[in-house]
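Have a look at the structure below before the remarks.
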Amino acid sequence: MSVKRVTVLGATGSIGESTLSVISQHPERFKVYALTAHRNLDRLFELCRLYTPEYAVLAEQVDVSDFSARLDTAGIRTQVLCGMESLEAVASSQDVDVVVAAIVGAAGLAPTLAAVHAGKRVLLANKEALVMTGRLFMDAVHASGAELLPIDSEHNAIYQCLPMSAQRLANGTKLSECGVRRVLLTASGGPFRDFSASQLAEVTPAQACKHPNWSMGQKISVDSATLMNKGLELIEACWLFDISPEFVDVHIHPESIIHSMVEYSDGSIISQMGNPDMRTPIAYGLSWPDRIDSGVASLDLFKVSRLNFSPPDRDRFPCLALAESAFASGGTAPAILNAANEVAVAAFLRQEIGFMQIPEVIQHCLSIVEINAAQSLDEVLAADKMARKQAFSWIENCR
Ligand SMILES: NC(=O)c1ccc[n+]([C@@H]2O[C@H](COP(=O)([O-])OP(=O)(O)OC[C@H]3O[C@@H](n4cnc5c(N)ncnc54)[C@H](OP(=O)(O)O)[C@@H]3O)[C@@H](O)[C@H]2O)c1
């Protein structure tokens, strides 16, 4: 068995750390090639000490000489790079086999696309990259022959429930031709699923970041609380599996035990279950089509005993409907939605706007920013930029 060399984009985040936890259990299979970080340089230093990657990539040029000196002093022979070009380089280098796309938000788009264009095995956590670029992204997967493996838990669950013939994404296989009748996308409902509209108006960032089942970064925790995460995931599912939103049923499943399901034309429903721990989908993506230990404890299904389901409430959680409508509009609308959401969530975390103003910012941007056909990356990036500008000025005006 040859050792696979892995670049972890966003190594200091929640997905990055879970990835490194799996990798560290299989030194005979995986070697860390590059690790990247943004602000958490102390943790990156620690990770370099533990994994001695060839490269550590920082976001800012100003940090490079200090960080290199720290590594030198500790006797760690990792080369330090910085900036977007370096992120793209460590994602596309011929010395890399697997790229874990775990930078949060639009910041992860360029390096993820670089890995796709270079034909790598790409473990996709950074759903925002796919939501923004949709068709362009999947066309690039098709053209390069990249092995795209979703590690978002729901999409990984769907992927696991598909026949092998449908697991080569972007190869033109229609799920309906494989006997699939529909996809059931589950959602935890987040920490506020039973809150009234008036309670939702008062929630704090600390409450929003305390997810009942999953331990995640701040942005996705807030997205999960607003149900924007499910909206982004619906769009992600449509692109990954080449299906329309009508093919997907979204259901709240508060226990987060069933990570999603696929229904077949003979009436069978196949689900993927497990404890809510991202190391399961990450281990699957790293080792597919084999299975390896992930370190995740066995699920005691009989102790769980009850699994609950209910439809999502699009009135109390308008972000889901906003995502559905952006996807229906097509073109650059999902990129506008994503950019407005990123700006609004960051403003909510800084306590500049309330929780229920997040969908207001997004609605405003979708109504005011011109939607184009998204035929090129430049068009998508221009829409992203314009939406951010509009979102910032909406927030500025309401302060
Ligand atoms: N966490 C989960 O369970 C989960 C599940 C499914 C999907 N996802 C998706 O996975 C992605 C990562 O989520 P997460 O929860 O791991 O987020 P996170 O804990 O906030 O980590 C984000 C990572 O991205 C880096 N980063 C942030 N801004 C950056 C920038 N401008 N340039 C370069 N790097 C940047 C961070 O670096 P520093 O920490 O050094 O600042 C960190 O390494 C998101 O797209 C999310 O939707 C996450």
Side-chain angles (χ1 to χ4, degrees), residues 7-21 34-48 56-61 63 67 81-88 90-91 99-112 114 122-132 149-158 185-188 190 209 211-226 228-233 235-237 240 256 259-260 275-282 284-285 296 323 338 341-343 345-346 349 384 388:
T7 284
V8 185
L9 302 169
T12 45
S14 161
I15 293 287
E17 294 276 2
S18 293
T19 302
L20 292 169
S21 160
L35 297 174
T36 88
H38 187 223
R39 298 203 190 288
N40 195 348
L41 300 192
D42 287 342
R43 186 59 192 155
L44 182 64
F45 176 80
E46 197 51 28
L47 294 176
C48 288
V57 185
L58 317 182
E60 315 279 343
Q61 175 70 46
D63 300 317
F67 195 77
L81 306 173
C82 89
M84 195 49 82
E85 276 179 20
S86 301
L87 286 174
E88 292 181 34
V90 296
V99 175
V100 181
I103 291 176
V104 61
L109 174 62
T112 304
V122 179
L123 272 57
L124 185 70
N126 178 213
K127 63 193 89 181
E128 296 92 342
L130 179 55
V131 166
M132 290 172 73
L149 281 131
I151 56 167
D152 213 348
S153 59
E154 295 78 359
H155 305 75
N156 185 265
I158 295 164
L185 186 68
T186 54
S188 70
C209 288
H211 195 280
N213 307 335
W214 296 94
S215 164
M216 308 187 286
Q218 287 194 322
K219 192 256 178 189
I220 185 175
S221 296
V222 177
D223 284 350
S224 182
T226 60
M228 176 54 89
N229 187 46
K230 215 42 58 180
L232 297 176
E233 287 182 4
I235 299 174
E236 181 185 9
L240 283 174
S256 299
H259 299 305
S260 278
N275 283 317
D277 187 321
M278 290 305 293
R279 288 176 301 171
T280 295
I282 291 166
Y284 182 89
V296 175
N338 178 67
N341 181 56
E342 285 191 26
V343 173
V345 169
L349 288 169
D384 173 273
R388 281 170 202 272

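Numbering of ligands and ligand atoms starts at 1, following listing order. We number each residue from 1, following the sequence as shown. Predicted model only: the values in this text are computed from it and were never measured.
- In this structure, OG1 in T36 is found 11.0 Å from CG in L81, a value given to the nearest 0.5 Å.
- Closer than 4.0 angstrom to ligand 1 lie heavy atoms from G10, A11, T12, G13, S14, I15, A37, H38, R39, N40, A102, I103, V104, A107, A125, N126, K127, E128, D152, M216, G217, I220, M278.
- Listed by chain and number, the residues in a ring-ring contact (aromatic ring centres under 6.0 Å, His included) with H259 are W214 (sequence neighbours excluded).
- Every residue two or more places apart in sequence or in another chain that forms a side chain to side chain contact (heavy atoms under 4.5 Å, CB included) with E342 is listed here: A106, E128, K219, N338, R388.
- For S21, the side chain to side chain contact (heavy atoms under 4.5 Å, CB included) test picks out Q25, R279, with sequence neighbours left out.
- When all heavy atoms of P111 and I103 are compared, the pair lying nearest together is CG-CD1, 4.2 Å.
- Counted by atom type alone, N213 and S256 present one or more donor-acceptor pairs between their side chains at under 3.5 Å.
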